[in-house]
Amino acid sequence: MGLGGCIVFIAVGAILTFATDWEMQGVNLDVVGLILMAVGLIGVVTFSSIARRRRVMMPGGTTTVVENPPK
């Protein structure tokens with residue numbers, strides 16, 4: 001799940017929690033919305049920590065260039 005999917009989960013969860021007044025028998029849409037927002041938030045935190053780790057692990061400025069080796 002990428003960053004876009006996480007943002008979609010947060011948006012759908014917020015809509016279900018705050019912007020709807022639907023009532024379904026046996027399903028509490030407020031709780032479903034809170035769960036979706038929590039999953040989206042966990043995804044954003046995980047995605048950003050993985051992206052930060054990728055940036056830190058990349059070696060910088062250690063490239064060696066060999067031009068026309070002798071024959």
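Index from 1, following the sequence.
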Residues in side chain to side chain contact (heavy atoms under 4.5 Å, CB included) contact with [X], at least two apart in sequence or another chain:
| X | result |
| --- | --- |
| Ala14 | Phe18, Met37 |
| Val45 | none |
| Val12 | Val8, Leu16, Leu36 |
| Ile42 | Thr46 |

Distance (rounded to the nearest 0.5 Å) between Leu41 CG and Ile10 CD1: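 The CG atom of Leu41 sits 5.5 Å away from the CD1 atom of Ile10.
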Quick check for you: to the nearest 0.5 Å, what is the distance between Thr17 atom OG1 and Ile35 atom CD1?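 Taking OG1 in Thr17 and CD1 in Ile35, the distance rounds to 9.5 Å.
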Indicate every side-chain donor-acceptor pair of residues 23-32 with a distance under 3.5 Å to a residue at least two apart or in another chain.
| residue | atom | partner | partner atom | Å |
| --- | --- | --- | --- | --- |
| Asn28 | OD1 | Asp30 | N | 3.2 |

